[in-house]
Amino acid sequence: MPTPEPPEKAETTGTPVTPEGGKVAADPWERMPEDALNRPGAAGAGEDREDEGASPAAGSPDGGGETGGGEAARAESWADFLPSPVFVLLLGLTGFAGWLSWQAVELDWAAEDTSVTPLIPPLMILLGWIVSCAVHEFAHALAAHLAGDRSLRGSAYLRLNPFAYKHAFAGLVLPVLYLGFGAFGMNGPAAQVSWDRIGPGRRVLVALAGPLANLVLFAALAGTVSFLVPAGQDTTNWAIAAMAFLAFANLTSALVNLLPVPGLDGFEVLAAAVGDRPWVRAARANALFGSVLVFAVLWFPSVHDKLVELVYALFHAVLPNPAFQGFAFLGELLLQFWNA
């Protein structure tokens, strides 16, 4: 019986052959329509385009992390701009501390001990200042988002959660230390903003958004105190003194941050005017040291006294009650109770 000959082998040209005899492209990209490479979601699509609208990674703690190579981007939502529960809790605790300070409950708790050191009013000032810092950074983040820096959408900065900041030392720890030891308001550098994603013409608005937020808070606090204690009247109420000092802190923060020094918002106004020079990038990289240096200078008694005199002069110029200066000074004494 004749032996059947084996089937004829296909030429080994490196191209796979289908059972029907047709050739299959070795490169899968050859089988894809040309326009598919440019469709959204296609592998390799848009590699040459700037990813301005990237959403934060879904698994990041504060929603502010960058999307990794294999991670799916979180869908954008209006909830990305809602205040976080932490901020709502902060507001509630500040209000509760304010009510306890208004009632001077520590005097009742101490019974006949008149030498009691009140601790709730400084707690109210501390919580109120943390709220102020969150509003300051929120203003920077919102302005940056509107100006083109989409990386902050859904982050702790836009959701007013200072305890989840990526740069918590600059945005939370430093301002609290500045207020506690220097008795004046001063915010750290806006380290969360990606200035290279924002056009030069819009950087000025982003930089000034933080001081503007401080001015709005000052107006709200000073207006409340002026309403509660009209011109010609005086008070030693702890809650009113705490609000007056918070107004002082927000006004000093707005003024100090206008200085054109690295680490302060005024420097970014200068940087927007001169462009992205090498020395600007170097100064921005060391902004934290500039912020600490400015605080150290303002902490000197002679310089500090000049700053306080300037702020008190503004109080006399814009506020109806001349006693506002005394309210703010009482609030400072309540905050720095260890110096009393």
Side-chain angles (χ1 to χ4, degrees), residues 94-95 97-107 110 114-133 136 175-187 211 214-257 294-340:
T94 305
W99 180 80
L100 294 177
S101 300
W102 182 279
Q103 300 292 331
V105 294
E106 288 175 284
L107 293 179
T114 57
S115 63
V116 62
T117 300
L119 298 178
I120 295 180
L123 177 62
M124 174 189 173
I125 294 173
L126 176 63
L127 293 174
W129 179 238
I130 293 177
V131 169
S132 300
C133 293
H136 177 99
V176 170
L177 292 177
Y178 290 160
L179 185 73
F181 291 101
F184 61 89
M186 182 176 165
N187 291 88
N214 287 122
L215 288 177
V216 172
L217 291 174
F218 158 73
L221 290 164
T224 302
V225 173
S226 300
F227 173 78
L228 294 173
V229 189
Q233 298 186 20
D234 201 351
T235 184
T236 57
N237 184 279
W238 291 345
I240 294 178
M243 286 189 289
F245 181 72
L246 283 172
F248 170 86
N250 276 281
L251 183 56
T252 53
S253 177
L255 295 175
V256 171
N257 271 286
V294 171
F295 170 77
V297 173
L298 294 176
W299 186 68
F300 280 104
S302 57
V303 182
H304 179 268
D305 292 345
K306 294 295 183 182
L307 175 64
V308 172
E309 289 177 7
L310 172 62
V311 176
Y312 283 165
L314 292 175
F315 283 168
H316 285 296
V318 301
L319 298 178
N321 195 340
F324 197 99
Q325 173 180 339
F327 306 157
F329 182 69
L330 176 59
E332 178 183 343
L333 294 179
L334 290 171
L335 174 66
Q336 295 186 326
F337 57 86
W338 56 85
N339 291 332

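In terms of modelled atom types and a separation under 3.5 Å, the side chain of Asn321 and the main chain of Gln233 share a donor-acceptor contact. Under a 3.5 Å cut-off, the side chain of Trp129 and the backbone N or O of Pro175 do form a donor-acceptor pair. Put simply, the side chain of Gln325 never gets that close to the backbone of Phe315: no donor and acceptor are under 3.5 Å apart.
Applying the side chain to side chain contact (heavy atoms under 4.5 Å, CB included) criterion to Leu217, with sequence neighbours excluded, gives Ser132, Val135, Asn250.
Within the 4.5 Å cutoff, the side chain of Val225 has no heavy atoms near those of the Leu319 side chain. Counting heavy atoms from C-beta outward, Asn187 and Asn214 have side chains that approach closer than 4.5 Å. Side chains of Val311 and Phe218 form no contact here, defined as non-hydrogen atoms less than 4.5 Å apart.
The heavy-atom pair separating Leu246 from Met124 by the smallest distance is CD1-O, 4.4 Å. Closest approach of Pro118 to Leu334, counting heavy atoms only: CG-CD2, 3.8 Å. Heavy-atom minimum distance, Ala328 versus Ala244: N-CB, 3.7 Å.
In this structure, CG on Leu126 lies 8.0 Å from CG on Leu335, to the nearest 0.5 angstrom. To the nearest 0.5 Å, atoms CG (Leu307) and OG (Ser302) are separated by 11.5 Å.
For Phe248 and Phe324, the ring centers sit 6.0 Å or farther from each other.
Only one option out of Phe245, Tyr312, Phe295, Trp299 pairs with Phe184 in a ring-ring contact (aromatic ring centres under 6.0 Å, His included); it is Phe295.
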